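Note that the structure is predicted; figures quoted are calculated from it, not measured.
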Amino acid sequence: MNNLFTRVKKRLENGMISDSLVEDYIQVVQDRLCLRLGEEALPQLFESVCVDAAVKMCRRTYYEGIASEGVAGISTSFVEDVLSEYNTEIESWKESRANKEGSERRVMFL
């Protein structure tokens with residue numbers, strides 16, 4: 001998790017969010033990714049997805065739950081599911097894992 005923490009903090013220039021909150025966001029994203037991937041540990045290939053999603057969660061701190069907001073021509077909106085934009089990658093990975101595991105199965109007749 002230390003590497004993920006370092007990568008997230010590097011992207012957060014303002015430093016307005018506490019380290020413990022950043023660590024919590026990283027853990028939440030890891031947990032959610034593992035659930036969607038059907039894995040107990042986060043695959044290395046998904047570390048960048050974890051960093052991206054954790055940064056998004058940090059940036060929307062104090063704005064949680066906003067669906068849309070407009071002030072002086074500037075509009076803010078958040079999606080409920082920060083991992084939704086990675087669904088293609090998640091499904092592709094799951095499919096490739098299923099195909100790989102399926103190719104290793106053999107039936108032997110005695």
Side-chain angles (χ1 to χ4, degrees):
M1 169 116 98
N2 194 19
N3 180 43
L4 297 174
F5 176 80
T6 302
R7 290 176 63 190
V8 170
K9 287 297 279 189
K10 187 183 294 186
R11 292 190 191 188
L12 299 173
E13 297 173 6
N14 62 9
M16 297 286 290
I17 298 173
S18 71
D19 289 353
S20 63
L21 189 55
V22 171
E23 288 173 351
D24 187 55
Y25 285 154
I26 291 169
Q27 187 62 55
V28 167
V29 173
Q30 280 184 319
D31 293 345
R32 290 179 180 173
L33 276 171
C34 287
L35 286 171
R36 291 182 188 199
L37 296 169
E39 297 291 324
E40 294 204 18
L42 184 68
Q44 186 175 3
L45 288 173
F46 281 89
E47 287 183 359
S48 292
V49 171
C50 183
V51 170
D52 285 346
V55 167
K56 288 176 186 179
M57 289 179 76
C58 289
R59 288 186 176 151
R60 75 178 198 183
T61 300
Y62 308 116
Y63 294 98
E64 187 169 344
I66 286 182
S68 91
E69 175 183 78
V71 176
I74 297 173
S75 176
T76 303
S77 65
F78 297 113
V79 294
E80 280 187 43
D81 180 4
V82 294
L83 295 176
S84 64
E85 72 181 83
Y86 308 104
N87 282 341
T88 303
E89 290 92 343
I90 291 169
E91 292 304 317
S92 176
W93 186 85
K94 286 169 63 175
E95 186 177 313
S96 71
R97 290 284 288 190
N99 290 339
K100 184 178 179 182
E101 290 173 1
S103 66
E104 295 173 359
R105 295 181 183 166
R106 293 181 181 87
V107 176
M108 293 181 61
F109 296 97
L110 299 173

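Looking at every heavy atom in both residues, Arg97 comes nearest to Glu39 through NH2-OE2, 3.4 Å. What you find for Cys34 and Ala41 is that their closest heavy atoms are SG-C, 3.5 Å. Across every non-hydrogen atom of Val29 and Ala54, the tightest pair is CG2-N, 3.9 Å. The two residues Cys58 and Tyr25 have their closest heavy-atom pair at SG-CD1, 3.3 Å.
Separating the CD1 atom in Ile26 from the CZ atom in Arg7 is a distance of 10.0 Å, to the nearest 0.5 Å. Residue Glu89 holds its CD atom at 11.5 Å from CG of Leu45, rounded to the nearest 0.5 Å. For the atom pair CZ of Arg32 and SG of Cys50, the computed distance is 11.5 Å after rounding to the nearest 0.5 Å. A distance of 8.5 Å separates CE in Met57 from CG in Leu83, rounded to the nearest 0.5 Å.
Just one residue in the list Val22, Val55, Ile17 forms a side chain to side chain contact (heavy atoms under 4.5 Å, CB included) with Lys9, and that residue is Val22.
Partners of Asp31 under the salt bridge (Lys or Arg N to Asp or Glu O under 4.0 Å) rule, at least two apart in sequence or in another chain, do not exist in this structure. Under the side chain to side chain donor-acceptor pair (under 3.5 Å) criterion, Asn87 pairs with no residue at all, not counting sequence neighbours. Partners of Ser20 according to the side chain to side chain donor-acceptor pair (under 3.5 Å) rule, which considers only residues two or more places apart in sequence or in another chain, are Ser18. Applying the ring-ring contact (aromatic ring centres under 6.0 Å, His included) rule to Phe46 yields the partners Trp93; only residues at least two apart in sequence or on another chain are considered.
A donor-acceptor pair under 3.5 Å links the side-chain atoms of Thr6 to the main chain of Asn2, judged by distance alone.
A heavy-atom distance below 4.5 Å is not found between the side chains of Arg59 and Lys56.
Leu35 is not connected to Leu4 by any chain of hydrophobic side-chain contacts under 4.5 Å among Ile, Leu, Val, Met, Phe, Trp and Tyr, and they are in different clusters.
The salt bridge (charged side-chain N to carboxylate O under 4.0 Å, His left out) analysis of residues 44-55, with sequence neighbours excluded, yields the pairs Arg11-Asp52.
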